[in-house]
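What follows is one structure encoded as structure tokens, with my remarks underneath.
None of these values were measured; they are calculated from a predicted model. Throughout, protein chains are lettered first and strands after them, A, B, ... in sequence-line order, and every chain is numbered starting at 1.
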Amino acid sequence: MKHTVVPLQAPSAVLPPLPSGSQVIDNDHIAAVFDEVADLLDIEDANPFRIRAYRNAARTLRALTFDVAKTLSRGEALPKLTGIGVDLAGKINEIVTTGDCSLRQRLRSTLPPGLVGLLSIAGLGPRRVKNLYHDLGIETAQQLCLAAQQGRIRHLPGFGERMEARLLSAAQKGIGKDRRLPLALVEPMARRLTEYLQQIPGVEQATTAGSLRRMRDTVGDIDILVVAAPSVDVTTQFISHPDISTVLVKGHARASVMLNSGMQVDVRIVEPAVYGAALVYFTGSKAHNIAIRQRAQKLGLKLNEYGVFRAKNRLASTTEVSVYQALGLPWITPELREDRGEVAAALAGHLPGLIELTDLKGDLHAHTHASDGGNSLEEMALAAQGAGLEYLAITDHSQSLRVAHGLGVEQLLKQIDQIDALNSRLQGMTLLKGIEVDILEDGNLDLPDDILGRLDLVVGAVHSHFGLTLRQQTQRLLRAMDHRYFTILAHPLCRLINERDPLNLDLPAIIKAAAQRGCCLELNAQPPRMDLFDLQCQYAKDEGVLISVNSDAHRTADFANLRYGVAQARRGWLEKHNVINTRSLTELKAWLVIKSPTTFRG
DNA sequence: GCCGTTTTCGGCCCGACTGTTTTCAGTCG
């Protein structure tokens, strides 16, 4: 089909209300429909560029910092979105209106939707999935296992005995492409491997790349770039590492292995002369790589992991800076390399001056052994000071959270006196009096006003009733934030990576409310939390909401987690002035006084 | 299906490795 290019328009009439029930037509939902369409088209062997268009659109939707369905339902026009033309805009409209699109229904009528699940088995792509379905009727992983055990797969064209065994193993072990672990859990594994690689004779350097280097909150596999002369056989020595359980791929320039922990590791070996280009390539993200390759194309250049080329002449390759420079761009920090506008910003000279760990002057969320922490007030104060901070808010749990020995009124009053006494002794460190007060099911706070009013700040958090509906949960938080002493909403989504899904929450409404009320949102730096997400930080920034990057420390060692919080903040494009706890104690006190004129007694 | 300083056609990011093949398709990053 041929189309003229016009801006994406909202429908002329206001859309009917969203489908009732629990289904939420958010950007992720629309993206998921597009991804499934892409997978099914792929299996159908459709035009690969058409397939890519659906994948690109899904990626674009996930990266938006506003809600498409809400914008359309207000009758507003969406801005022109990269990679979304007339046809896909129409499908977005259809999905928002009906919850589905007719193309997906048509594809599902000819191809079982279960086939999409087969794509997640290592070694299976669209061609093989299609052949397995057409020739053997295989639609599920169970059917795949059975057919492999019966030796029926080896006879298909393009398969064979080894492929059959590999697929059986992958399907049985559930070796997929989706397992992601918290960054902090993966870092030590990666460190052991890079140190091992570095001591192999002839290896000049071993560097982590991929999402680990981009400091994503979760990591799906460990990517390591090794610099060595071509004569050095790195991969043979690498695969003898004791942490490795399975070798998936081994060549001279590349190896992929599975660790005993289940984490996949990809090692790539390059010569010193191409280190910069290889590091750019191997750091990704894939989307960023595509974006800068398109930039190269526009300049009549070619970019790959060996350098930037004009015809066969290599213009740059030794350092990342030189590679970006050859593309007419300043160096882009890895945390921003997600194709979320960083290339355009770099071109325009508008890259943000991102927050650094050393910008943090304090931490506004920490516990002591008065509730569920492991250390005393003084130990926490000194540890915070040792981490380079000048103030620390003590925010133990409140009485409802019995499992964490939450503080009642009397205990909190006692702690206030203890903090006053300790502050008179501390030098260069000030403790602030706070509480992590439970937000009850109805949105009320867990302690009476007259007590909360005696604190320097009030950090509110949800620790129960995670399963409320979107409307109930949103109303609950909005009501809590209406409270006159409410300062910071802690871990707003309450997700625990791989353990608990984010709350069913209208986060844009919460962010807008925070902007109106002058509340902060927390970016909780506990590795299993990392809450808010990077994109949501960016959205909050756009809406003028201040973020507090907090450790939620329960023991003295936890202040080290602040670096993960700062990394996530950087991924969310946050600058120093977007983060409340970069302010000096004096500035923070002024802000708290303005916010709640009667509270601060410092 | 999208897009345009080469704009309504014709291109769309690029290379390593595997397994099955006998020169390459498929998968993956």
Side-chain angles (χ1 to χ4, degrees), chain A residues 1-6 8 34 37-38 41-43 45-60 80-92 103 118-132 153-167 170 175-177 209-211 220-225 235 247-257 264-270 274 277-278 280-309 327 339:
Chain A
M1 280 199 294
K2 304 299 175 200
H3 301 295
T4 50
V5 178
V6 297
L8 186 58
F34 282 173
V37 167
L41 284 173
D42 213 350
I43 295 169
D45 207 10
N47 176 352
F49 299 106
R50 184 182 176 207
I51 296 164
R52 186 186 295 172
Y54 279 95
R55 295 202 202 283
N56 287 343
R59 195 161 47 77
T60 298
K80 178 74 193 83
L81 301 173
T82 311
I84 296 179
V86 173
D87 185 88
L88 289 176
K91 288 192 169 73
I92 289 175
L103 174 59
L118 288 179
L119 291 173
S120 69
I121 294 171
L124 278 189
R127 299 287 78 74
R128 289 183 181 137
V129 165
K130 182 187 182 185
N131 290 341
L132 288 169
I153 290 176
R154 66 184 68 177
H155 304 301
L156 296 182
F159 288 79
E161 264 188 70
R162 293 180 71 172
M163 178 59 75
E164 184 180 68
R166 186 181 158 198
L167 290 179
I175 295 177
K177 306 154 188 168
S211 54
D221 56 19
I222 297 171
D223 298 302
I224 303 176
L225 181 65
T235 56
V247 177
L248 303 172
V249 172
K250 179 188 172 297
H252 189 77
R254 227 190 95 191
S256 289
V257 302
Q264 182 170 328
V265 183
D266 297 319
V267 172
R268 184 72 182 259
I269 298 97
V270 298
V274 300
V280 169
Y281 164 79
F282 222 30
T283 298
S285 65
K286 187 175 177 179
H288 176 82
N289 286 351
I290 291 172
I292 57 177
R293 277 176 180 159
Q294 286 169 341
R295 167 77 190 152
Q297 278 195 323
K298 276 187 184 167
L299 298 174
L301 307 173
K302 187 176 83 164
L303 171 65
N304 59 29
E305 59 262 57
Y306 301 111
V308 181
F309 297 85
L327 302 175
D339 191 26

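Side chain of A:Arg254 to backbone of A:Val249: no donor-acceptor contact under 3.5 angstrom is found.
Phosphate contact (OP1/OP2 of B:dC12, side-chain N/O of A:Gln297, threshold under 4.0 Å): present. Between A:Lys298 and B:dG11 there is no side-chain N or O to OP1 or OP2 distance below 4.0 Å. Contact annotation: A:Lys250 side-chain N/O to B:dT18 OP1/OP2 distance is not under 4.0 Å. Residue A:Arg50 places at least one side-chain N or O closer than 4.0 Å to OP1 or OP2 of B:dG1.
With distances taken from any side-chain atom of A:Arg128 to the nucleotides B:dT27, B:dC17, B:dC2, the minimum falls on B:dT27.
A:Pro126 comes within 4.0 angstrom of sugar-phosphate atoms only, judged by non-hydrogen atoms across all strands, and of no base. Heavy atoms of A:Thr82 sit under 4.0 angstrom from primed sugar atoms or phosphate atoms, though from no base atom. In this structure, A:Glu164 reaches neither bases nor backbone, as no heavy-atom distance under 4.0 Å exists between it and the strands shown. Among the atoms of the strands shown, base atoms are found under 4.0 Å from some heavy atom of A:Tyr281.
The distance from atom CG of A:Leu225 to atom P of B:dG29 is 17 Å, rounded to the nearest whole Å. Residue A:Leu248 contributes atom CG, which lies 15 Å from atom C1' of B:dA16 at whole-angstrom precision. In this structure, the CZ atom of A:Arg254 is 7 Å from the C1' atom of B:dG29, given to the nearest Å. For the pair A:Arg295 CZ and B:dG4 P, the computed distance is 14 Å after rounding to whole Å. For the pair A:Leu119 CG and B:dT27 P, the interatomic distance rounds to 9 Å; values are reported in whole Å. Across the protein-nucleic acid pair, A:Asp266 atom CG and B:dA16 atom C1' stand 11 Å apart, rounded to whole Å. In this structure, A:Gln264 places its CD atom 15 Å from P of B:dC17, rounding to the nearest Å. Between the CD atom of A:Glu305 and the P atom of B:dC28 there is a distance of 18 Å, rounded to whole Å.
Under 3.5 Å, the side chain of A:Tyr306 and the base of B:dG15 form no donor-acceptor pair of N or O atoms. Residue side chain A:Asn56 does not reach the base of B:dG1 through any donor-acceptor N/O pair under 3.5 Å, judged by distance alone.
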**OP:** Could you check A:Asp87 against A:Arg50 for salt bridge (charged side-chain N to carboxylate O under 4.0 Å, His left out), going step by step and ending with a plain yes or no?
**Re:** CA-CA 11 Å; A:Asp87 185 88; A:Arg50 184 182 176 207; over 6 Å; no
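No side-chain heavy atom of A:Val308 sits under 4.5 Å from any side-chain heavy atom of A:Leu299. Under the 4.5 Å side-chain criterion, counting only non-hydrogen atoms from C-beta, A:Phe159 is in contact with A:Leu132.
B:dC2 and B:dT7 are spaced 13 Å apart, taking the C1' atom of each and rounding to whole Å.
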